[in-house]
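Here, residue 1 is the first one in the sequence, and each next residue gets the next number. Hydrogens, waters and symmetry mates are skipped; everything else that's a heavy atom, side chains included, is used.
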Amino acid sequence: MISRWFQSTFQSLQNPQYRTLWMGTTVAFLAFMMSSIVQSIVAFDLTGKNGAVGVVALGQGLATIVISPFGGVIADRVSKRRLVLIGQTIIGLNFLTVGILIVTDSITILTLASSTFVMGAVFSFIGPARQAWIGELVSGDEMGNAIAMQQVGMTLTRVIGPLLTAALVAIAFIGTGGAYLFMSGMFGYVIFTLTQLPGTKARPSGGKSILGDFKLGFSHIASRPRLALLVPLFMGVIMFGFSYQVVLPGLLENELGHDAEDMGLLFFAGALSGLVVTLVVASKASGPNAWRMMFAGAIVLGVSLGLTALSATFWQAMVMMFIAGAGSSAFQLLNNSLIMQNADQAYYGRVMSLTMMAWGMNGLVGFPIGLAADAFGERETIFVLALLVVAVTTVAMMIHVSLNRRSASQPAPLPTLAGGD
């Protein structure tokens, strides 16, 4: 039984090319996870304001929301290997620059926000390209599992990232600057894995221009009701359900009596449960209950965030983050898998670029959410975000039920009789 579970859970990793891509992607995700924690610590330490953390997140959000739709078009047009290789190199150099600025006491909120803008711009291209690349390396029943395995890798980095970040920042001669330098070095391995993969060919575009291809991507989503439901659902849950991270340093210091650096422990608690859930759900990503489990994950995320806002102690908040991590991981894994299963391969880049916009929106609302937390309190802000997650998910569930009823009411096509007339 164990061997059967292992084989079904890690099915796509038996593909050597996908396995190589997965290993490099996982290391890149680890660096991204570390950066989201370190940049929040640096921003809060520089100013002591939640708004400053939001400003830094705003840089990445602006870049992602403006560029990612066109990044998906480019991903469907050019060699994905070359695009990802160039992008990962730029991000590695970006981390190197920030690390040097911190070590030399030259870092400012503006330069930190500029670095997140660069990262958001680059990720707007390589994110859709990497996701679409998976669709070229695997096919058929492996597709859902391959997307699930990417989520497993991402969740694994959420377990390792906070611990590694906390360890590096806690060492006096390393600190936040040394953490950035370490993240820069990690991209050396990422780039090496990409050189081990064969080149990918550009696909012929469906439109005469980038704008034409962009419109075709929207038309493709609009023509498929379930795809048109999955994409905005992802945007809503990510935008509201993950923005609490902007407020977390202030919640720790102003409400729970802990240092902002302890947010790594909360991230670790959520990542640990998320890893377990993704391993359980990975083999079910293409199953008949995928939709129900996806909605359940989003509801669990919203409810646990609401209870986090009501937590009286740090340890209560950690328990709630443990539950939130399970819900958020299940939602992301199943939503992304269902999106890929409901889209045509020729549109993978464009469709996934719109899900990338969710992370841009998440960064975009970070600044006003930080200001709201400064004005009304961290607890109140997180509780409102939790209510919004539950509301968005409830509306999506109602639409999904309506689509199912509509499909069930449509008459089945008449069978074709052999022998013609």
Side-chain angles (χ1 to χ4, degrees), residues 29-45 48-50 52-54 56-57 151 154-170 176 179 237-278 297-298 300-332 359 362-363 366 369-370 373 377-386 389:
F29 278 150
L30 177 58
F32 292 140
M33 172 53 61
M34 294 174 64
S35 70
S36 67
I37 298 174
V38 178
Q39 73 186 32
S40 297
I41 294 173
V42 173
F44 195 81
D45 285 346
K49 297 289 186 180
N50 294 295
V53 182
V56 172
Q151 184 65 36
M154 183 185 301
T155 308
L156 181 63
T157 66
R158 290 173 56 207
V159 174
I160 301 173
L163 293 177
L164 183 57
T165 303
L168 292 174
V169 172
T176 53
V237 172
I238 296 301
M239 181 169 61
F240 299 125
F242 285 72
S243 295
Y244 75 90
Q245 297 177 6
V246 173
V247 188
L248 203 54
L251 179 71
L252 287 172
E253 293 209 355
N254 299 330
E255 299 287 346
L256 300 179
H258 276 250
D259 294 333
E261 285 80 359
D262 289 338
M263 66 185 291
L265 295 176
L266 298 183
F267 280 135
F268 171 74
L272 189 61
S273 63
L275 179 60
V276 174
V277 167
T278 51
V300 168
L301 170 62
V303 172
S304 57
L305 284 181
L307 294 176
T308 299
L310 300 176
S311 297
T313 67
F314 175 81
W315 299 109
Q316 289 178 7
M318 180 174 285
V319 172
M320 291 303 105
M321 285 290 97
F322 182 85
I323 299 174
S328 64
S329 294
F331 171 78
Q332 287 185 78
W359 300 108
N362 178 255
I369 286 175
E378 290 85 3
R379 292 185 184 277
E380 293 80 0
T381 303
I382 293 177
F383 194 81
V384 170
L385 293 174
V389 171

Novice: Report the residues that fulfil ring pair (Phe, Tyr, Trp, His ring centres under 6.0 Å) with Phe240, sequence neighbours left out, ordered by chain and then residue number.
Specialist: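 Checked Phe240 against ring pair (Phe, Tyr, Trp, His ring centres under 6.0 Å); zero matches.
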Novice: I need the minimum non-hydrogen distance between Ala386 and Gly302, along with the two atoms involved.
Specialist: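 It is CB-O, 3.2 Å.
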Novice: How about Phe29 and Met33: do any of their side-chain heavy atoms sit closer than 4.5 Å?
Specialist: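 Side-chain contact under 4.5 Å: no.
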Novice: On a heavy-atom basis, which atom in Ala298 and which in Phe331 lie closest, and how many Å separate them?
Specialist: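 That closest heavy-atom pairing would be CB-CD1, 3.8 Å.
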Novice: Do Tyr244 and Ile369 touch side chain to side chain, with heavy atoms closer than 4.5 Å?
Specialist: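 No, every pair of side-chain atoms sits at 4.5 Å or beyond.
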Novice: By side-chain contact (heavy atoms from CB on, under 4.5 Å), which residues pair with Thr176, not counting sequence neighbours?
Specialist: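 By the side-chain contact (heavy atoms from CB on, under 4.5 Å) rule, Thr176 matches Val38, Ile41, Val42, Ile102, Val169.
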Novice: Quick one, Leu310 and Arg379 - any side-chain contact, counting heavy atoms below 4.5 Å?
Specialist: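 They are not in side-chain contact.
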Novice: Just so I know, are the side chains of Leu305 and Leu301 near enough to count as touching, which here means a heavy-atom distance under 4.5 Å?
Specialist: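 A side-chain contact exists here, since the closest heavy-atom pair is under 4.5 Å.
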Novice: Sorted by first residue and then second, give each side-chain hydrogen bond (donor to acceptor under 3.5 Å, both in side chains) pair with at least one member in residues 304-316; sequence neighbours left out.
Specialist: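 Not a single pair qualifies under side-chain hydrogen bond (donor to acceptor under 3.5 Å, both in side chains).
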Novice: Locate the shortest heavy-atom distance separating Ala43 from Val56; write the atom from each residue and the value.
Specialist: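 Looking at all heavy atoms of both residues, the closest pair is CB-CG2, 3.7 Å.
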Novice: What heavy-atom pair brings Ser328 and Phe242 nearest, and what distance separates the two atoms?
Specialist: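 For Ser328 versus Phe242, the nearest heavy atoms are CB-CZ, 3.7 Å.
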Novice: Tell me the closest heavy-atom pair linking Leu266 and Met318, and the distance in Å.
Specialist: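 Residues Leu266 and Met318, closest heavy atoms: CD2-CA, 3.6 Å.
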Novice: Rounded to the nearest 0.5 Å, how far apart are CG of Leu156 and CG of Leu30?
Specialist: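 Spacing of CG (Leu156) from CG (Leu30) equals 8.5 Å.
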Novice: Give the minimum heavy-atom separation between Ala326 and Ser273, together with the two atoms involved.
Specialist: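 Distance-wise, the nearest heavy atoms are N-OG, 3.1 Å.
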